[in-house]
Each structure stands twice: as C-alpha cells, then as structure tokens.
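First listed ligand is number 1; within each ligand, the first listed atom is number 1.
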Amino acid sequence: MSFTKLGLMPALLANLKHLEYQQPTPVQQQAIAPILAGKDILAAAQTGTGKTAAFTLPTLQLLLTQGEKVTSNCVRALVLVPTRELAEQVHESIRTYLHELPLRTAVAYGGVSINPQMMNLRRGVDVLVATPGRLLDLYQQNAVRFNQMQILVLDEADRMLDLGFAEELNALFSLMPRQRQTLLFSATFSGPIRTLAGKLLNDPVRVDVTPKHSAAETVKQYLLVVDKKDKTDLLLHLLASRQWGQVLVFVRTRKGAESLSKKLLAAKVSSDAIHGDKTQPARLRALHDFKAGRIQVLVATDVAARGLDIEQLPHVVNFDLPTIAQDYVHRIGRTGRAGLTGEAISLVSADELDELIAIEELMGIHLQRFDEPDFYAEHRLPETVLGVGSIKKPKKPKKNKAAAAGNIHLGDAFNADSKPQVVAIRQVPRLAVPGRHKPKPSNAKPR
Ligand code: AMP
C-alpha cells in the first residue's frame with residue numbers, strides 16, 4: 001500500500017517523497033485515514049513504529065485545510081509528551097514533515113527559560129509540542145489559550161502517567177474545549193490509561209500494532225462490525241470479494257447452522273452443515289465432502305466441530321460469537337495450524353457485546369475491528385477496553401456515514417504485516433530548524 005491511498009494531500013506526499021518514505025508503516029496505515037476523517041484514536045504503538053508521522057501527517061493536513069487562522073497566544077493542535085527530549089524530537093519531526101508549508105510550530109518544556117517560549121506563543125501557533133508542567137505554567141502566565149484548539153495528541157501517554165503528570169493533565173483537560181479531536185498514543189494499556197481513554201475519547205478507532213500473542217501467533221484475528229440482518233450478505237460478499245477458498249463457518253445454534261447452509265446453497269455456494277440434530281452418518285458425510293474439497297463452506301456448531309482436524313484451513317469465520325468464551329479459542333484453533341498463517345474473522349453485531357467482552361478478557365487481547373464498505377452497521381458495537389468491559393453506552397446510530405469516515409478498510413489494513421518488528425524503519429533525514437535552542441540534558445521530571 002502507498003501513502004497516496006491514505007488520502008494525504010499532494011504537498012505532504014511531496015515531502016514524504018523527499019524523505020524517501022516508500023510506504024506507510026502499519027500504524028500509519030491504520031491511523032492516518034481515520035484521523036483525516038475526524039475520528040478519535042486509541043493507539044497502541046511504541047517508539048520506532050512510525051507513530052509520530054502517523055499522528056503528525058493527518059494533523060497537519062487538517063490544520064492546513066480546516067479551521068480558522070490562529071490568533072495571538074492560541075494553539076490549534078497540541079501534542080503533549082512526557083519528556084523534553086521527546087518534545088524536541090517530535091517537534092523536529094513535525095518541522096520535517098511540514099517542510100515549507102505555512103503553519104507555525106513551537107515547542108515548550110521545563111528546565112529552560114520560559115521567556116523565549118512565551119515570545120514564540122505571542123502570535124499564536126498552529127502546532128505546539130509541550131510537556132504538561134511547563135504548559136500549565138504558560139497557561140497560568142496567560143501565554144497560551146486553548147479556545148481555538150482543534151486537535152489534542154497525547155504521545156506516550158503511559159509514560160506521562162508514570163512520571164506523575166496525572167494532576168497536570170487533568171488540570172489541562174479541564175481548560176480545553178470539549179469539541180475537539182483527541183488522539184491517544186501509548187505503548188501499554190494499564191488500568192489508568194484505560195480510564196484516561198474512557199474519559200477523553202469519543203467513539204475512538206482502535207489502532208493496535210503491538211498485540212499480545214496469547215492465541216496462535218500465526219492466526220490473524222479481527223472482527224467486522226455488522227448489523228445482524230446483514231450477516232449472510234456480508235459472508236457472501238466476503239466469499240466473493242476476497243476470493244476465499246474453503247471456509248469453516250461457526251454459528252451458535254443448530255437451527256442457525258441449517259438455515260445458513262440453505263441460504264448459501266440458494267446463492268450457489270456449495271455448502272453443508274454439521275450440528276447435533278444431524279445423524280452421525282450425515283455429519284461424517286459433510287465432513288468428508290469438505291475435506292475432499294467438494295464443498296466450499298462447512299457451517300458448524302461448536303459441539304459438532306470440537307476435535308475436527310482439518311488441515312491447512314486458511315479462513316475461519318465466526319458468524320455468531322460463541323456464548324462460552326473458551327469455544328472461541330477452539331474455533332480459531334481450526335486455522336493457522338502447523339505454522340501456516342490463517343485468519344479468524346468474526347462478524348459481530350451490537351447485541352453480541354457481552355460475548356465479545358468475555359472473549360477479549362479471556363484472550364487478553366483487544367480484537368481489531370473494521371467496517372466493510374457497503375456493510376456499515378447502523379447499530380454500532382460499543383467500544384470495549386480490556387479489564388473494564390464496555391466503556392461507552394451505545395450511541396444513537398448515525399445514518400450511513402461512510403465507513404471510510406472512520407474505520408479502516410480491511411483490505412488496506414492487512415496488506416502489510418501488522419507486526420511492528422518486521423517494519424523497515426529509517427531515520428528521518430534531519431532538516432535544520434532555524435532559531436531552535438538545544439535544551440540542557442536532565443533526568444529530572446520536566447515541568
Ligand atoms: P517513530 O516511531 O515515530 O519514533 O519513528 C521512528 C523512525 O521511523 C523515525 O526515524 C522516522 O523517520 C521513521 N519513519 C517513520 N515512518 C516511516 C516510513 N513510512 N518509512 C520510512 N521511515 C519511516
């Protein structure tokens with residue numbers, strides 16, 4: 001996948017070309033389009049994944065294309081970081097990505113004189129990178145105002161909390177306009193980070209490039225949010241558009257298995273079902289036909305499918321989530337066997353929230369979620385956070401706002417391997433930033 005597919009404007013693309021960035025890293029692939037669409041982001045990404053460009057590029061584009069000219073002492077986008085070193089680094093990256101585009105930027109952190117920082121803010125800045133303590137000082141001295149703020153970025157949020165910035169952060173949040181876009185980046189998701197996310201983010205898009213591998217590492221698991229009534233059509237669409245071969249589809253009930261298999265047959269997809277109401281010979285025949293490749297889709301209930309050994313099955317679909325979370329583990333174990341890669345795709349509707357929470361808690365992972373274009377769910381699945389369950393009450397469904405407006409298109413997201421370790425990362429060629437002073441190094445908590 002290329003940067004052009006992410007919706008970035010030509011001027012920024014030209015800068016990336018100049019930097020010789022060939023293709024977006026996974027976090028960039030997942031975060032840039034939703035940010036451009038105005039969504040809040042909750043991202044698990046560590047340093048070295050390309051996260052700075054992931055939040056900077058769309059932020060710059062939004063500032064260049066939307067909002068009013070900045071007025072004195074105001075900021076339009078604020079990037080909060082834990083340390084002065086990171087503040088410098090992020091600011092330098094922002095300057096690099098911006099190159100000669102017409103936005104004003106500044107950096108502010110403690111341990112150095114506050115006066116030059118106050119001077120820099122006097123005309124207002126489009127992007128300010130700051131540590132929380134110094135920013136609060138600047139606010140208390142009337143050097144900075146937040147009434148024009150469009151975007152708030154928390155970079156390395158976990159480190160900010162670890163360094164004891166919770167109080168300063170809370171004070172700052174209370175001063176900021178509620179109507180804004182918030183992007184939260186953190187390497188880890190401890191309880192306090194989840195609480196912070198629940199408080200600050202509005203229906204965020206989850207971006208996760210550091211999954212915990214509690215399931216088979218070779219199985220890519222994700223879910224598609226879909227309205228219950230559209231599940232059969234979505235399955236047919238996936239079979240055709242992804243050109244899947246054989247697929248094992250799990251459903252919750254015997255009746256559901258029979259009914260889905262019939263619908264697939266009616267749509268000219270070769271299919272059979274195995275469930276407890278079928279005689280043993282009928283079940284064996286269905287399994288035999290599936291193994292011999294005579295049928296494309298085998299629809300199964302959990303009990304009937306236990307212990308099935310089907311080799312080299314690339315796709316397992318959870319048409320319904322199981323009521324017993326442990327069954328999910330058995331289901332996805334049907335793919336990704338013997339070192340081969342596989343995908344486990346769950347079609348999840350809003351009424352399956354409790355089952356989803358139980359599965360995520362059991363597995364210790366947050367399943368990445370996507371919308372399939374043309375199947376955007378009217379009934380939204382509330383966001384979940386590990387250890388907390390649902391953090392948001394279901395909102396009134398929005399009328400068909402295109403999936404592109406927020407979530408990621410599946411095909412794009414998985415074009416590249418989403419493991420951060422395998423991403424080729426290059427250093428940004430540093431451009432000179434005129435008039436910037438070097439901070440005194442210090443290990444102390446910056447103000
Ligand atoms: P970060 O994780 O933001 O600290 O970025 C780590 C390094 O990756 C920085 O030196 C970036 O210049 C570099 N980088 C970020 N995105 C890309 C990309 N798409 N292609 C090549 N290098 C990149």
So does Lys231 pair up with Glu352, basic N to acidic O under 4.0 Å?
yes
Of the listed options Tyr97, Tyr21, Phe185, closest to atom 18 (C) of ligand 1 (non-hydrogen atoms)
Tyr21
Drop me the distance from Lys69's NZ to Asp126's CG, to the nearest 0.5 angstrom.
8.5 Å
Does some non-hydrogen atom of Glu20 fall short of 4.0 Å from ligand 1?
no
Which value, rounded to the nearest 0.5 Å, describes the distance between Ile35 atom CD1 and Leu57 atom CG?
9.0 Å
Report yes or no: do Thr83 and Arg159 form a side-chain donor-acceptor pair below 3.5 Å?
no
Atoms of ligand 1 close to Lys51 [distance to a heavy atom under 4.0 angstrom, numbered from 1]
1 (P), 2 (O), 3 (O)
Does the pair Glu343/Arg242 count as a salt bridge with the N-to-O cut at 4.0 Å?
no
Do Ala53 and ligand 1 have an N or O pair less than 3.5 Å apart?
no
For the pair Phe146 and Tyr139, name the ring-plane relationship: parallel under 30°, tilted 30 to 60°, perpendicular over 60°.
parallel
Within the 4.0 Å heavy-atom shell around Thr52, which atoms of ligand 1 are there?
1 (P), 3 (O), 4 (O)
Which of the ligand 1 atoms, numbered from 1, are nearer than 4.0 Å to a heavy atom of Phe3
19 (N)
How does Gln28 reach ligand 1, if at all, at less than 4.0 Å between non-hydrogen atoms: by side chain, backbone, both, or neither?
side chain
